[in-house]
Amino acid sequence: MPGFREFLARFRPAGAPGPAVGGAVPADRSAELKAELEPPLALLDDVAAEAAAIRDAARREAAERRRAAAEEAERIVRTARERARDVRSETAARLAAEATAEADRSDAAAQHAVEELRGRARARTPGLAARVLARVTAELTTEPHATRQGTSWVPGGSRE
């Protein structure tokens, strides 16, 4: 059923203003537009289908690229984790070697200090021993009355 607009379109003038021409039929503009635009719009249907196919292909390609990128990211993370284990092991080995070297240097420094101390002790011992021996000899050879007062021992044994 034609709409109100089409009903009113019947009363439009068929030609230029002027005297009426006999047998004039009102122009059907919608039919004219349809006949005029139908072939180009039919061509656009093919283009629209092609555009839809291009969009679908683009969606598939985008999904494939996302999947490939996710796989690549997983591979990179896996490689990084494996490399991190190696780096940690290498670092631990290097630090252990440095600690061992430091301990060896400390041991060598301590051994050097001990040898130096022993050398000083060897150098001083004869003099100290001679002084101690001289004092003991002096105390043992002095008169018993010359001993210190208040001590509980005397040369030759205790007083008791």
Side-chain angles (χ1 to χ4, degrees), residues 1-6 9 28-160:
M1 166 142 194
F4 186 66
R5 180 171 275 209
E6 286 81 19
D28 187 5
R29 296 275 185 211
S30 63
E32 288 176 11
L33 288 175
K34 183 177 179 185
E36 182 180 338
L37 294 177
E38 196 168 289
L41 290 178
L43 294 174
L44 289 179
D45 288 342
D46 295 339
V47 173
E50 185 179 343
I54 290 172
R55 280 193 301 272
D56 289 341
R59 279 189 203 105
R60 283 191 303 274
E61 184 177 343
E64 177 62 27
R65 285 185 180 185
R66 279 191 296 273
R67 186 193 58 74
E71 288 176 0
E72 179 71 11
E74 287 178 23
R75 187 188 60 74
I76 289 171
V77 168
R78 190 172 39 255
T79 302
R81 286 184 178 147
E82 290 170 2
R83 179 71 180 126
R85 279 193 295 258
D86 295 342
V87 168
R88 279 193 294 271
S89 297
E90 292 169 4
T91 302
R94 183 178 45 83
L95 292 176
E98 289 175 6
T100 301
E102 179 64 27
D104 290 346
R105 285 191 296 272
S106 295
D107 286 346
Q111 188 64 32
H112 182 318
V114 166
E115 292 300 324
E116 191 176 292
L117 183 62
R118 285 182 181 160
R120 283 195 311 254
R122 277 190 221 107
R124 292 179 181 174
T125 299
L128 290 175
R131 285 178 25 200
V132 169
L133 181 61
R135 281 190 179 176
V136 169
T137 304
E139 283 189 26
L140 291 176
T141 58
T142 58
E143 294 291 322
H145 302 292
T147 60
R148 284 191 258 160
Q149 298 296 326
T151 59
S152 62
W153 65 275
V154 290
S158 67
R159 290 185 221 172
E160 297 174 5

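To the nearest 0.5 Å, the span separating CD on E72 from CD1 on I76 amounts to 4.5 Å. Interatomic distance, T125 OG1 to R120 CZ, rounded to the nearest 0.5 Å: 12.0 Å. Between the CD atom in Q111 and the CZ atom in R118 there is a gap of 6.5 Å [rounded to 0.5 Å]. One finds the CG atom of L117 at 10.0 Å from the CD atom of E115 (value rounded to the nearest 0.5 Å). The distance from atom CG of L128 to atom CG of L133, rounded to the nearest 0.5 Å, is 12.5 Å.
In terms of the side-chain hydrogen bond (donor to acceptor under 3.5 Å, both in side chains) criterion, E74 has no residue partners (sequence neighbours excluded). Not a single side-chain hydrogen bond (donor to acceptor under 3.5 Å, both in side chains) links R135 to another residue, sequence neighbours left out. Shown here are the side-chain hydrogen bond (donor to acceptor under 3.5 Å, both in side chains) partners of E36, two or more places apart in sequence or in another chain: there are none.
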Quick one: side chains of residues 38-53, donor-acceptor pairs under 3.5 Å with protein atoms, not counting sequence neighbours, listed by atom name and distance.
none

Donor-acceptor list for residues 83-92 side chains, cut-off 3.5 Å, not counting sequence neighbours:
from: S89; atom 1: OG; to: R85; atom 2: O; distance (Å): 3.0
from: T91; atom 1: OG1; to: V87; atom 2: O; distance (Å): 2.7

What donor-acceptor contacts under 3.5 angstrom involve side-chain atoms of residues 64-71, with partners at least two apart or in another chain?
from: E64; atom 1: OE1; to: R67; atom 2: NE; distance (Å): 3.3
from: E64; atom 1: OE1; to: R67; atom 2: NH2; distance (Å): 3.3
from: E64; atom 1: OE2; to: R67; atom 2: NH2; distance (Å): 2.2
from: R65; atom 1: NE; to: E61; atom 2: OE2; distance (Å): 3.3
from: R65; atom 1: NH2; to: E61; atom 2: OE2; distance (Å): 2.7
from: R67; atom 1: NH1; to: E71; atom 2: OE1; distance (Å): 3.0
from: R67; atom 1: NH1; to: E71; atom 2: OE2; distance (Å): 2.4

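Within a 6.0 Å sphere centred on CZ of R81, other residues, nucleotides and ligands contribute 12 heavy atoms or fewer.
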